[in-house]
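Naming: A, B, ... by sequence-line order, numbering from 1 per chain.
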Number of protein chains: 2
Amino acid sequence: MRLSSGVPATLPENVRERLEAHYRRRGFRRTPQRETIVAAAFSSEEHFTADELWERARSIDPRTSRATVYRTISFLLDADLIREIDLSQGQAVYDPNFVEKPNHNHLVCVDCGRMIEFEDSHLEVFHECLTRRLGFLPSRQNLRIEACCETLRTTGRCAHLIEARIKGKRLPGRRR
Amino acid sequence: MRLSSGVPATLPENVRERLEAHYRRRGFRRTPQRETIVAAAFSSEEHFTADELWERARSIDPRTSRATVYRTISFLLDADLIREIDLSQGQAVYDPNFVEKPNHNHLVCVDCGRMIEFEDSHLEVFHECLTRRLGFLPSRQNLRIEACCETLRTTGRCAHLIEARIKGKRLPGRRR
DNA sequence: ATGTCTGCAAAGATTTTGCAGCTGA
DNA sequence: TCAGCTGCAAAATCTTTGCAGACAT
């Protein structure tokens, strides 16, 4: 079992450190399944759903179960290694990039759904001031901007989401 | 049927206008159920879930069905009379205040979940510039800040969410 | 040795939908 | 009249959980 001897070296430094700390702090056990799923979560900077993570994990080790994926997601959320982000879809979407970029934000195309991550120091300062002004202590911030992407702007449309919108189509079940 | 003769006068002016326009534009029918549910949605500035809206609607007219509530929510979203906001709970939460305050934002206490709405003109300008700089056309924006509220700051804790957090409790079903 | 973890299948929860009958325009 | 709307119950989807056996420490 290639992953059972420790966290794989391919994990980013920051991620590995925080992961180790979390294992120690909480006394969690280091199981092959967990290591596999964690590796899968950080194998790319792409956001993922529970099922997409399951897919990735199974391509590393086919004997991974969906339940364990969900349990590992809780583990990663608890360690603040990933965060749930709002896509208002029927399912939760997770972002593994907050370890490297703790204050990044999201710009989403209202049409095709394409998403861009960006950081901005002005915004960070602004957020800090604003929060204090309202009598709160700053903690996390995330700006989500919906806008029209380049394709939409130049072409006049990007087919993708238009269909779904016109039909008023929403995913069944919810969840979301 | 007290609501069948038109949109009740209690709806805010802006809401009523946009609602009328939407009825005309889309050729939707004006049914007692819809009027009831719309009235319920704007009977308070509070955010609501589908079930809470159903509850409110039934207190006006007990013969309202859950399915129609869901269908009316789609109708209201389509008219941009309400918006879905991110609470990362297991269910969708809707905000009826975007008609009156099209650019408002949310500050959420990470502990008790208390939510404050605020507007800020600096942020609006910022959002506009930023979006264009990234090559997009601005559309909607919503800043969601997570922070520690006053109770938490002074008392050191506000019991509410602490329990849920410690247990790692999440609502079953998805929903979220 | 033992308390934690996994996998499976079943349960839970939210949201959508098919259909038959009703109703607004 | 008749296309669109409602209510009901069933379906669909995502997520959590109980339990028995496996395993990390």
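- For the pair B:Tyr70 and C:dT16, the criterion of a side-chain N or O lying under 4.0 Å from OP1 or OP2 is not met.
- The base of D:dG7 is paired with the side chain of B:Arg71 by a donor and an acceptor separated by under 3.5 Å.
- Contact annotation: A:Gln33 reaches the phosphate of C:dG7 (side-chain N/O to OP1 or OP2, under 4.0 Å).
- Atom CH2 of A:Trp54 and atom P of D:dT15 are 13 Å apart (whole Å).
- At a threshold of 4.0 angstrom between heavy atoms, the contacts of B:Thr49 with the nucleic acid are absent.
- Proximity of the aromatic rings of B:His104 and B:Phe118 is defined here by a centroid distance below 6.0 angstrom, and this criterion is not met.
- Taking only side-chain atoms of A:Gln91, from C-beta outward, the nucleotide of D:dT6, D:dT15, C:dT14 with the closest atom is D:dT15.
- When the P atom of C:dT16 is taken as reference, atom CD1 of B:Ile73 falls 8 Å away, rounded to whole Å.
- In this structure, CZ of A:Arg66 is placed 12 Å from P of C:dA9, rounded to the nearest angstrom.
- The interatomic distance linking B:Arg63 (CZ) with C:dC22 (P) rounds to 14 Å, in whole Å.
- The separation between A:Ile37 atom CD1 and C:dG7 atom C1' is 11 Å, rounded to whole Å.
- Note: B:His106 and B:His47 have perpendicular aromatic rings, judged against thresholds of 30 and 60 degrees for the angle between ring planes.
- The side chain of A:Pro32 has D:dA24 as its nearest neighbour among D:dT6, D:dA24, D:dT15.
- Listed for the B:Asp120 side chain is a donor-acceptor partner under 3.5 Å among the backbone atoms of B:Leu123.
- One interatomic measurement links the two molecules: CZ of A:Phe75 to P of C:dT6, which rounds to 10 Å at whole-angstrom precision.
- Between D:dC23 and A:Thr31, no contact under 4.0 Å exists linking OP1 or OP2 to a side-chain N or O.
- Atom CZ of B:Arg30 is separated from atom C1' of D:dA3 by 18 Å (rounded to the nearest Å).
- Taking only side-chain nitrogens and oxygens, B:Ser65 never comes nearer than 4.0 Å to OP1 or OP2 of D:dC8.
- Between the base of D:dA3 and the side chain of B:Arg29 there is a donor-acceptor pair shorter than 3.5 Å.
- Mapping B:Gly27 and B:Ala67 onto DNA chain D via the closest heavy atom, the residue that lands nearer the 5' end is B:Gly27.
- What separates CZ of B:Arg26 from C1' of D:dA3 is a distance of 17 Å, to the nearest Å.
- Between B:Arg34 and D:dC5 there is a side-chain polar atom (N or O) within less than 4.0 angstrom of OP1 or OP2.
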Inset, instruction - Evaluate the salt bridge (charged side-chain N to carboxylate O under 4.0 Å, His left out) criterion for residues B:Arg30 and B:Glu20: first the C-alpha distance (whole Å), next the side-chain angles of each, then the deciding distance (0.1 Å), finally the verdict. - result: CA-CA 10 Å; B:Arg30 200 177 292 266; B:Glu20 300 288 357; 3.0 Å; yes
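- The ring of B:Phe75 has its center closer than 6.0 angstrom to the ring center of B:Phe28.
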